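Let me begin by presenting the structure, written as C-alpha coordinates, before commenting on it.
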Number of protein chains: 2
Amino acid sequence: MSQDRTFDVLTATCPSRTSLARIANKWTAMVVIALSAGRMRFGDLRAKVDGISGKVLTDTLRDLERDGLVSRYAYAEVPPRVEYELTELGHTLQSPLRALGHWAEQHIEEVLTARESYDARR
Amino acid sequence: MSQDRTFDVLTATCPSRTSLARIANKWTAMVVIALSAGRMRFGDLRAKVDGISGKVLTDTLRDLERDGLVSRYAYAEVPPRVEYELTELGHTLQSPLRALGHWAEQHIEEVLTARESYDARR
DNA sequence: CCCATTGGTTACGTTGAGGTAACTGGTTAC
DNA sequence: GTAACCAGTTACCTCAACGTAACCAATGGG
(Lines give C-alpha, C1' and ligand atoms only; values in the text may rest on other atoms or scores of the structure.)
Protein backbone atom coordinates (compact mmCIF):
# COMPACT_ATOMS: atom_id res chain seq x y z
CA MET A 1 0.00 0.00 0.00
CA SER A 2 2.81 2.40 0.85
CA GLN A 3 4.87 4.09 -1.86
CA ASP A 4 7.64 1.87 -3.18
CA ARG A 5 10.36 4.03 -4.69
CA THR A 6 10.60 1.43 -7.40
CA PHE A 7 9.50 3.45 -10.41
CA ASP A 8 11.04 6.61 -11.79
CA VAL A 9 10.00 8.25 -15.03
CA LEU A 10 13.41 9.86 -15.39
CA THR A 11 15.02 6.44 -15.80
CA ALA A 12 15.08 5.40 -19.44
CA THR A 13 14.34 1.72 -18.86
CA CYS A 14 11.57 2.24 -16.30
CA PRO A 15 8.23 0.98 -17.60
CA SER A 16 6.52 4.01 -16.10
CA ARG A 17 8.14 6.07 -18.81
CA THR A 18 6.16 4.28 -21.52
CA SER A 19 3.08 5.24 -19.57
CA LEU A 20 4.21 8.87 -19.27
CA ALA A 21 4.86 8.96 -23.00
CA ARG A 22 1.25 8.01 -23.60
CA ILE A 23 -0.42 10.39 -21.18
CA ALA A 24 1.92 13.34 -21.79
CA ASN A 25 0.49 13.75 -25.28
CA LYS A 26 -1.78 16.42 -26.67
CA TRP A 27 -4.34 14.06 -28.23
CA THR A 28 -4.55 11.92 -25.13
CA ALA A 29 -5.04 15.03 -23.02
CA MET A 30 -7.79 16.42 -25.22
CA VAL A 31 -9.65 13.12 -25.49
CA VAL A 32 -9.55 12.54 -21.73
CA ILE A 33 -10.65 16.12 -21.08
CA ALA A 34 -13.53 15.66 -23.52
CA LEU A 35 -14.51 12.33 -21.94
CA SER A 36 -14.64 14.01 -18.53
CA ALA A 37 -18.11 15.15 -19.58
CA GLY A 38 -19.21 11.51 -19.46
CA ARG A 39 -19.96 8.59 -21.73
CA MET A 40 -19.98 9.66 -25.33
CA ARG A 41 -20.18 8.18 -28.79
CA PHE A 42 -17.45 8.33 -31.37
CA GLY A 43 -19.01 11.02 -33.53
CA ASP A 44 -19.72 13.35 -30.62
CA LEU A 45 -16.21 12.88 -29.32
CA ARG A 46 -14.82 13.70 -32.71
CA ALA A 47 -16.91 16.87 -32.85
CA LYS A 48 -15.88 17.88 -29.34
CA VAL A 49 -12.16 17.43 -29.93
CA ASP A 50 -12.19 19.95 -32.73
CA GLY A 51 -9.86 19.16 -35.61
CA ILE A 52 -8.95 15.58 -34.71
CA SER A 53 -8.95 13.18 -37.64
CA GLY A 54 -10.86 9.91 -37.54
CA LYS A 55 -7.69 7.90 -37.77
CA VAL A 56 -5.99 9.64 -34.86
CA LEU A 57 -9.11 9.46 -32.69
CA THR A 58 -9.43 5.74 -33.39
CA ASP A 59 -5.76 5.13 -32.61
CA THR A 60 -5.84 7.24 -29.46
CA LEU A 61 -8.96 5.53 -28.14
CA ARG A 62 -7.54 2.11 -28.84
CA ASP A 63 -4.35 2.92 -26.95
CA LEU A 64 -6.35 4.30 -24.04
CA GLU A 65 -8.52 1.19 -24.03
CA ARG A 66 -5.45 -1.03 -24.07
CA ASP A 67 -4.03 0.80 -21.06
CA GLY A 68 -7.29 0.37 -19.16
CA LEU A 69 -8.21 4.06 -19.17
CA VAL A 70 -11.26 3.91 -21.41
CA SER A 71 -14.08 1.41 -21.90
CA ARG A 72 -15.55 0.76 -25.33
CA TYR A 73 -19.17 -0.24 -25.86
CA ALA A 74 -20.08 -1.36 -29.38
CA TYR A 75 -23.69 -2.00 -30.37
CA ALA A 76 -24.49 -4.34 -33.23
CA GLU A 77 -26.77 -1.85 -34.97
CA VAL A 78 -26.87 -0.28 -38.39
CA PRO A 79 -25.56 2.30 -38.66
CA PRO A 80 -23.08 1.29 -35.97
CA ARG A 81 -23.08 2.94 -32.56
CA VAL A 82 -20.03 2.91 -30.33
CA GLU A 83 -19.71 4.65 -26.99
CA TYR A 84 -16.67 5.39 -24.86
CA GLU A 85 -16.25 6.31 -21.25
CA LEU A 86 -13.45 6.72 -18.75
CA THR A 87 -12.79 3.73 -16.52
CA GLU A 88 -12.17 4.14 -12.81
CA LEU A 89 -8.46 4.30 -13.60
CA GLY A 90 -9.17 6.79 -16.34
CA HIS A 91 -10.94 9.05 -13.87
CA THR A 92 -7.80 9.28 -11.75
CA LEU A 93 -6.05 10.73 -14.78
CA GLN A 94 -8.75 13.26 -15.41
CA SER A 95 -7.68 15.84 -12.85
CA PRO A 96 -3.96 16.01 -13.76
CA LEU A 97 -4.81 16.35 -17.44
CA ARG A 98 -7.52 18.92 -16.85
CA ALA A 99 -4.98 20.86 -14.80
CA LEU A 100 -2.72 20.89 -17.84
CA GLY A 101 -5.55 22.12 -20.03
CA HIS A 102 -6.39 24.85 -17.55
CA TRP A 103 -2.77 25.88 -17.40
CA ALA A 104 -2.67 26.25 -21.17
CA GLU A 105 -5.80 28.38 -21.16
CA GLN A 106 -4.85 30.54 -18.19
CA HIS A 107 -1.27 31.26 -19.18
CA ILE A 108 -1.52 31.48 -22.95
CA GLU A 109 -1.28 35.26 -22.93
CA GLU A 110 1.98 35.23 -20.98
CA VAL A 111 3.29 32.54 -23.29
CA LEU A 112 2.38 34.53 -26.40
CA THR A 113 4.06 37.61 -24.96
CA ALA A 114 7.19 35.60 -24.19
CA ARG A 115 7.27 34.23 -27.72
CA GLU A 116 7.00 37.67 -29.23
CA SER A 117 9.87 39.10 -27.26
CA TYR A 118 11.99 36.01 -27.89
CA ASP A 119 11.39 36.15 -31.63
CA ALA A 120 12.02 39.90 -31.71
CA ARG A 121 15.35 39.35 -29.98
CA ARG A 122 16.81 37.24 -32.82
CA MET B 1 -8.19 39.29 -13.15
CA SER B 2 -11.27 37.07 -13.22
CA GLN B 3 -11.46 34.09 -15.56
CA ASP B 4 -12.48 35.03 -19.09
CA ARG B 5 -13.99 32.02 -20.81
CA THR B 6 -12.15 33.16 -23.91
CA PHE B 7 -9.76 30.27 -24.39
CA ASP B 8 -10.58 26.63 -24.95
CA VAL B 9 -8.00 23.96 -25.75
CA LEU B 10 -10.65 21.83 -27.44
CA THR B 11 -11.10 24.45 -30.15
CA ALA B 12 -8.72 23.85 -33.04
CA THR B 13 -7.97 27.49 -33.74
CA CYS B 14 -7.51 28.55 -30.12
CA PRO B 15 -3.94 29.66 -29.42
CA SER B 16 -4.03 27.85 -26.09
CA ARG B 17 -3.90 24.61 -28.02
CA THR B 18 -0.43 25.38 -29.33
CA SER B 19 0.57 25.81 -25.73
CA LEU B 20 -1.05 22.54 -24.70
CA ALA B 21 0.75 20.78 -27.52
CA ARG B 22 4.05 21.94 -26.11
CA ILE B 23 3.46 21.09 -22.46
CA ALA B 24 1.56 17.85 -23.04
CA ASN B 25 4.75 16.23 -24.29
CA LYS B 26 6.93 13.59 -22.70
CA TRP B 27 10.24 15.43 -23.11
CA THR B 28 8.82 18.70 -21.84
CA ALA B 29 7.40 16.89 -18.83
CA MET B 30 10.67 15.16 -18.00
CA VAL B 31 12.78 18.29 -18.40
CA VAL B 32 10.48 20.40 -16.23
CA ILE B 33 10.37 17.65 -13.61
CA ALA B 34 14.15 17.50 -13.64
CA LEU B 35 14.47 21.27 -13.41
CA SER B 36 12.21 21.26 -10.36
CA ALA B 37 15.37 20.38 -8.45
CA GLY B 38 16.72 23.84 -9.25
CA ARG B 39 19.15 25.60 -11.57
CA MET B 40 21.24 23.11 -13.46
CA ARG B 41 23.74 22.99 -16.26
CA PHE B 42 23.19 21.25 -19.55
CA GLY B 43 25.30 18.22 -18.85
CA ASP B 44 23.71 17.53 -15.50
CA LEU B 45 20.28 17.94 -16.98
CA ARG B 46 21.15 15.52 -19.72
CA ALA B 47 22.34 12.99 -17.17
CA LYS B 48 19.23 13.43 -15.06
CA VAL B 49 16.81 12.96 -17.94
CA ASP B 50 18.17 9.54 -18.70
CA GLY B 51 18.26 8.64 -22.38
CA ILE B 52 17.57 12.07 -23.86
CA SER B 53 19.81 12.99 -26.78
CA GLY B 54 21.69 16.27 -26.87
CA LYS B 55 19.71 17.49 -29.82
CA VAL B 56 16.33 16.83 -28.27
CA LEU B 57 17.38 18.42 -25.00
CA THR B 58 18.62 21.49 -26.84
CA ASP B 59 15.42 21.78 -28.88
CA THR B 60 13.21 21.25 -25.85
CA LEU B 61 15.07 23.84 -23.80
CA ARG B 62 14.94 26.35 -26.63
CA ASP B 63 11.19 25.91 -26.99
CA LEU B 64 10.73 26.25 -23.25
CA GLU B 65 12.87 29.37 -23.25
CA ARG B 66 10.87 30.83 -26.10
CA ASP B 67 7.64 30.26 -24.21
CA GLY B 68 9.05 31.98 -21.14
CA LEU B 69 9.19 28.85 -18.98
CA VAL B 70 12.95 28.51 -18.67
CA SER B 71 15.83 30.98 -18.35
CA ARG B 72 19.15 30.33 -20.02
CA TYR B 73 22.46 31.58 -18.62
CA ALA B 74 25.46 31.19 -20.91
CA TYR B 75 29.01 31.88 -19.71
CA ALA B 76 31.74 32.80 -22.18
CA GLU B 77 34.15 30.13 -20.99
CA VAL B 78 35.99 27.29 -22.60
CA PRO B 79 34.78 24.68 -22.43
CA PRO B 80 31.41 26.41 -22.51
CA ARG B 81 29.08 26.41 -19.52
CA VAL B 82 25.35 27.02 -19.73
CA GLU B 83 22.82 26.82 -16.95
CA TYR B 84 19.05 26.59 -17.03
CA GLU B 85 16.35 27.23 -14.49
CA LEU B 86 12.58 27.47 -14.37
CA THR B 87 11.15 30.97 -14.58
CA GLU B 88 8.32 32.08 -12.33
CA LEU B 89 5.92 31.02 -15.07
CA GLY B 90 7.78 27.74 -15.38
CA HIS B 91 7.25 27.07 -11.70
CA THR B 92 3.49 27.26 -12.13
CA LEU B 93 3.78 24.39 -14.60
CA GLN B 94 5.86 22.31 -12.29
CA SER B 95 3.05 20.92 -10.15
CA PRO B 96 0.73 19.79 -12.97
CA LEU B 97 3.60 18.05 -14.73
CA ARG B 98 4.91 16.44 -11.58
CA ALA B 99 1.40 15.19 -10.97
CA LEU B 100 1.51 13.51 -14.36
CA GLY B 101 4.85 11.93 -13.55
CA HIS B 102 3.53 10.67 -10.25
CA TRP B 103 0.49 9.25 -11.94
CA ALA B 104 2.69 7.32 -14.35
CA GLU B 105 4.75 5.89 -11.50
CA GLN B 106 1.86 5.09 -9.21
CA HIS B 107 -0.40 3.46 -11.78
CA ILE B 108 2.07 1.72 -14.05
CA GLU B 109 1.27 -1.68 -12.57
CA GLU B 110 -2.44 -1.34 -13.30
CA VAL B 111 -1.59 -0.14 -16.80
CA LEU B 112 0.70 -3.10 -17.44
CA THR B 113 -1.97 -5.49 -16.22
CA ALA B 114 -4.54 -3.86 -18.48
CA ARG B 115 -2.21 -4.15 -21.47
CA GLU B 116 -1.61 -7.81 -20.84
CA SER B 117 -5.27 -8.70 -20.67
CA TYR B 118 -6.01 -6.55 -23.72
CA ASP B 119 -3.28 -8.19 -25.76
CA ALA B 120 -4.31 -11.67 -24.59
CA ARG B 121 -7.87 -10.98 -25.72
CA ARG B 122 -6.85 -10.53 -29.39
C1' DC C 1 54.00 21.81 -30.57
C1' DC C 2 50.37 18.74 -30.79
C1' DC C 3 46.72 16.53 -29.33
C1' DA C 4 43.04 15.37 -26.10
C1' DT C 5 39.53 17.33 -23.37
C1' DT C 6 34.86 19.63 -22.69
C1' DG C 7 29.76 21.27 -23.40
C1' DG C 8 26.76 22.82 -26.51
C1' DT C 9 25.19 23.18 -31.31
C1' DT C 10 24.43 21.78 -36.00
C1' DA C 11 24.03 18.84 -40.34
C1' DC C 12 22.39 14.94 -41.98
C1' DG C 13 19.75 10.72 -42.38
C1' DT C 14 16.01 7.76 -40.69
C1' DT C 15 11.81 6.58 -38.48
C1' DG C 16 7.24 7.27 -37.10
C1' DA C 17 3.25 10.22 -36.28
C1' DG C 18 -0.48 11.99 -38.47
C1' DG C 19 -3.59 13.78 -42.56
C1' DT C 20 -6.53 12.47 -46.69
C1' DA C 21 -9.45 9.77 -49.19
C1' DA C 22 -11.65 5.64 -50.63
C1' DC C 23 -14.16 1.65 -49.00
C1' DT C 24 -17.15 -1.46 -45.79
C1' DG C 25 -21.68 -2.90 -43.74
C1' DG C 26 -27.26 -3.20 -43.55
C1' DT C 27 -31.14 -0.34 -43.01
C1' DT C 28 -34.15 3.61 -44.09
C1' DA C 29 -35.91 7.32 -46.98
C1' DC C 30 -36.39 9.27 -51.68
C1' DG D 1 -32.27 1.62 -57.64
C1' DT D 2 -29.68 4.74 -55.03
C1' DA D 3 -28.27 7.76 -51.65
C1' DA D 4 -27.27 8.73 -46.83
C1' DC D 5 -26.17 7.18 -42.33
C1' DC D 6 -21.88 5.81 -38.60
C1' DA D 7 -17.62 3.91 -37.08
C1' DG D 8 -14.16 2.23 -38.42
C1' DT D 9 -10.15 0.21 -41.71
C1' DT D 10 -6.71 0.47 -45.09
C1' DA D 11 -3.43 2.49 -48.40
C1' DC D 12 -0.72 6.12 -49.36
C1' DC D 13 1.86 10.25 -48.71
C1' DT D 14 4.02 14.06 -46.14
C1' DC D 15 6.34 16.31 -42.70
C1' DA D 16 7.95 16.68 -38.08
C1' DA D 17 10.42 14.21 -34.46
C1' DC D 18 14.36 11.93 -33.23
C1' DG D 19 19.17 9.71 -33.08
C1' DT D 20 24.04 9.80 -34.61
C1' DA D 21 28.14 11.89 -35.41
C1' DA D 22 31.00 15.64 -36.56
C1' DC D 23 32.30 20.15 -35.07
C1' DC D 24 33.91 24.47 -32.41
C1' DA D 25 37.39 26.94 -29.48
C1' DA D 26 40.69 27.69 -25.44
C1' DT D 27 43.09 25.38 -22.12
C1' DG D 28 46.28 21.74 -19.98
C1' DG D 29 49.23 17.70 -20.41
C1' DG D 30 52.90 15.30 -22.70
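Sequence lines set the chain letters: A, B, ... in the order given, protein chains first and strands last, and positions in each chain run from 1. Note that the structure is predicted; figures quoted are calculated from it, not measured. The figures that follow rest on heavy atoms only: side chains count, while hydrogens, waters and symmetry mates do not.
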Candidate nucleotides [options], ranked by approach to the side chain of [X] - the nearest:
X: A:P80; options: D:dA7, D:dT9, D:dC18; result: D:dA7
X: A:T58; options: D:dT9, C:dT20, D:dG19; result: D:dT9
X: A:R62; options: D:dT9, D:dC18, D:dG8; result: D:dT9
X: B:K55; options: C:dC12, C:dT9, D:dG8; result: C:dC12
X: B:F42; options: D:dG19, C:dG18, C:dG8; result: C:dG8

Test of understanding: with salt bridge (Lys or Arg N to Asp or Glu O under 4.0 Å), list the residues that count as partners of A:R81, not counting sequence neighbours.
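Checked A:R81 against salt bridge (Lys or Arg N to Asp or Glu O under 4.0 Å); matches are A:E77, A:E83.
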Starting from [atom2] on [N], measure out to [atom1] on [X] and report it in whole angstrom.
X: A:D44; N: D:dG8; atom1: CG; atom2: C1'; answer: 16 Å
X: A:D63; N: C:dG16; atom1: CG; atom2: C1'; answer: 13 Å
X: A:E77; N: C:dG26; atom1: CD; atom2: C1'; answer: 12 Å
X: B:L45; N: C:dT9; atom1: CG; atom2: P; answer: 12 Å
X: B:M40; N: C:dG7; atom1: CE; atom2: P; answer: 15 Å
X: B:I52; N: C:dG8; atom1: CD1; atom2: P; answer: 13 Å
X: A:N25; N: D:dC18; atom1: CG; atom2: P; answer: 11 Å
X: B:R22; N: D:dA17; atom1: CZ; atom2: C1'; answer: 13 Å

Are B:Y118 and A:L93 connected, step by step, through hydrophobic side chains (Ile, Leu, Val, Met, Phe, Trp, Tyr) whose heavy atoms are closer than 4.5 Å?
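No, no single cluster joins them.
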Starting from A:L89, can I reach A:I23 by hopping between I/L/V/M/F/W/Y residues whose side chains sit under 4.5 Å apart?
yes
Classify B:R41 by what it touches in the nucleic acid, base, sugar-phosphate, or nothing, heavy-atom distance under 4.0 Å.
sugar-phosphate
Base, sugar-phosphate or nothing for A:Y84? Non-hydrogen atoms, less than 4.0 Å.
sugar-phosphate
Distance below 4.0 Å between A:W27 side-chain N/O and C:dA17 OP1 or OP2:
no
Short side-chain N/O contact to C:dT9 OP1/OP2 from B:R46, under 4.0 Å
no
For the pair A:D44 and A:K48, find out whether any cationic side-chain nitrogen is under 4.0 Å from an anionic carboxylate oxygen.
no
If you compare all heavy atoms of A:R17 against all heavy atoms of B:V49, which two are closest, and at what distance to 0.1 Å?
NH2-C, 4.4 Å
Heavy-atom pair with the smallest gap, counting every atom of B:W103 and B:V111
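Nearest heavy atoms, B:W103 then B:V111: CH2-CG2, 4.0 Å.
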Would you call B:C14 and B:V9 a side-chain contact if the rule is heavy atoms closer than 4.5 Å?
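Answer no - side chains too far apart.
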Please step through salt bridge (charged side-chain N to carboxylate O under 4.0 Å, His left out) for the pair A:K55 and A:D59, ending with a clear verdict.
CA-CA 6 Å; A:K55 177 180 181 295; A:D59 292 348; 3.5 Å; yes
Could you write out DNA chain C as a dot-bracket string, with dots for unpaired bases, | for bases paired across to another strand, and Watson-Crick or G-U pairs counted at under 3.5 Å?
||||||||||||||||||||||||.|||||
The answer to which of A:P79 and A:D59 contacts DNA chain C further toward the 5' end, by nearest nucleotide, is A:D59
